[in-house]
Asker: 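Let me begin by handing over the structure; questions about it come next.
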Protein chains: 2
Amino acid sequence: MGELSSKLEDYLEAILVVQQEKKVARVKDLAEILMVRPPTVNSAIKKLERLGLVEHQNYGYISLTPKGEEIARCVYERHKTLLDFLVRVLGVDPKKALAQACGMEHSINEFTRKKIQALSEFFACKPEILKLWHQFCDERKKENNSGGGGKS
Amino acid sequence: MGELSSKLEDYLEAILVVQQEKKVARVKDLAEILMVRPPTVNSAIKKLERLGLVEHQNYGYISLTPKGEEIARCVYERHKTLLDFLVRVLGVDPKKALAQACGMEHSINEFTRKKIQALSEFFACKPEILKLWHQFCDERKKENNSGGGGKS
DNA sequence: TTATTTTTTTAGCCTAATCTAAAAATATTC
DNA sequence: GAATATTTTTAGATTAGGCTAAAAAAATAA
């Protein structure tokens, strides 16, 4: 009855993502995007079935129950919000941002997610402020590059 | 030779924090702040010892090696940066922010940490912009409160 | 339709991280 | 300094999440 683990959240999210791309999700697809072996997917799916979050008959497709889909969507929203913030506001390299968003997406609550999304939109709506923010970063970079040039 | 798990990072960070508060860290202290039982601390400490990150003689105090302290400081910096950002920029309740920072602190790299810190400082340095950001949030809140008053 | 390939499942093993119960060491109190 | 209390350690169990190897089912090709 406790909280769903972040691993199981990952499986739900992956089912949602695969469904969006290929209509239906299979064990193989989940194994690929989560980078685990098929038997690992199998046992995770069984757990999620017991929890009433996915449906799956043997050798068949995997689908989300309404409750499972709700959770999957929450995780996915957090993922998108964080990725967007990292890339667009903080200027993190998209590949590196992806890994970091995947890590963080299990830790934030809905209040925080909304605030982060609002912050991304704040900068998107106010190009002058976005510019000031970039200038602020550039100045700091310069400061760090001066200071300690060569070896002692 | 792979990466340190986030659990083991937590132990290193906790040793650092306890040392700051009480000069020396003991099993009991770590068990308390990490909310686990003493035998759990014991086996974690043994692993960290094998990895050359802590020093500990039986029934004695626990201390960080230089390498362990370096990692502990990195984790702690990420923790502080995230907590500050959540509370001061996003306005998250400090208690809730703590739990979320503890979750996220294992996922971000140094580039991201610096950027988040810079963003907190950007708002701290520019009170007019901070005000605009708060206004932006307030307006969104109003929009959400209007829209869909009662039940259909 | 039979043979081959692919996918999924089962069975069994492993590691990390936790726990409880009890033993051992250390610290405190009388 | 002996008795008591606290802390740490050991021993052994449990759970989550991963793996490999092999069996079973389904899909594809001949």
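Reminder, nothing fancy here: chain letters follow the sequence lines and each chain counts from 1.
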Asker: What side chain to side chain donor-acceptor pair (under 3.5 Å) pairs are there with at least one residue in residues 8-17 of chain A, not counting sequence neighbours?
Answerer: A:Glu9-A:Arg78, A:Glu9-A:His106, A:Asp10-A:His106
Asker: Rounded to whole angstrom units, what separation is found between the NZ atom of A:Lys28 and the P atom of C:dT6?
Answerer: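 Distance check: A:Lys28 NZ to C:dT6 P gives 10 Å.
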Asker: From CG of A:Asp29 over to C1' of C:dT7, roughly how many Å is that when rounded to an integer?
Answerer: 11 Å
Asker: Does CZ belonging to A:Phe111 count more than 12 external heavy atoms closer than 6.0 Å?
Answerer: yes
Asker: With nearest nucleotides of DNA chain D determined for A:Tyr59 and A:Pro39 from heavy-atom distances, which residue corresponds to the more 5′ nucleotide?
Answerer: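 Upstream on the strand: A:Pro39.
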Asker: Is B:Glu77 paired with B:Arg73 through a side-chain N to carboxylate O contact shorter than 4.0 Å?
Answerer: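 Salt bridge between B:Arg73 and B:Glu77, a charged N being under 4.0 Å from a carboxylate O: no.
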Asker: On the nucleotide C:dT7, are OP1 or OP2 found under 4.0 Å from the side-chain N or O atoms that A:Arg26 carries?
Answerer: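 A:Arg26 to C:dT7 OP1/OP2: no side-chain N or O under 4.0 Å.
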Asker: Whole angstroms only, please: what is the CD-P distance between A:Gln57 and C:dT8?
Answerer: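 Whole-Å distance recorded here is 14 Å.
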Asker: Is there a side-chain contact between B:Ser6 and B:Glu105, using heavy atoms and a 4.5 Å cut-off?
Answerer: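 No; the side chains remain at least 4.5 Å from each other.
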Asker: State which of C:dT8, D:dT9, D:dG18 makes the closest approach to the side chain of A:Val36.
Answerer: D:dG18
Asker: Is A:Leu12 close to A:Tyr76 at the side-chain level, that is, under 4.5 Å between some pair of heavy atoms?
Answerer: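 When only atoms from C-beta onward are counted, A:Leu12 and A:Tyr76 do not touch, as no gap falls below 4.5 Å.
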Asker: On the nucleotide D:dT20, are OP1 or OP2 found under 4.0 Å from the side-chain N or O atoms that A:Arg37 carries?
Answerer: yes
Asker: Tell me whether the OP1 or OP2 atom of C:dT8 has a side-chain N or O from A:Asn42 closer than 4.0 Å.
Answerer: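 No, because none of the side-chain N or O atoms of A:Asn42 sits under 4.0 Å from OP1 or OP2 of C:dT8.
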Asker: Nearest whole angstrom, please: distance from the P of C:dA16 to the CD1 of B:Ile45.
Answerer: 16 Å
Asker: Distances under 3.5 Å between protein N/O atoms and the N/O atoms of nucleotides 14-17 of chain D, please, pair by pair.
Answerer:
from	atom 1	to	atom 2	distance (Å)
D:dG17	OP1	A:Ser5	OG	2.5
D:dG17	OP2	A:Lys47	NZ	3.1

Asker: Without decimals, in angstroms, what is the distance between B:His56 NE2 and C:dA25 P?
Answerer: 14 Å
Asker: Please name the residue in the list B:Phe122, B:Phe123, B:Trp133 that meets the ring pair (Phe, Tyr, Trp, His ring centres under 6.0 Å) test with A:Trp133.
Answerer: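 Going through the options one by one, the only one that passes is B:Phe122.
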Asker: Any side-chain N or O of A:Lys46 less than 4.0 Å from the OP1 or OP2 oxygen of C:dT9?
Answerer: no
Asker: Taking CD from B:Glu32 and P from D:dT6, how many angstroms apart are they, rounded to a whole number?
Answerer: 14 Å
Asker: Is any side-chain N of the basic residue among A:Arg113 and A:Glu110 closer than 4.0 Å to the acidic one's carboxylate O?
Answerer: yes
Asker: Quick one: B:Asn58 CG to D:dT8 P, roughly how many Å, whole number?
Answerer: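 In whole Å, D:dT8 P and B:Asn58 CG are 11 Å from each other.
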Asker: Whole angstroms only, please: what is the CG-P distance between B:Leu51 and C:dT15?
Answerer: 15 Å
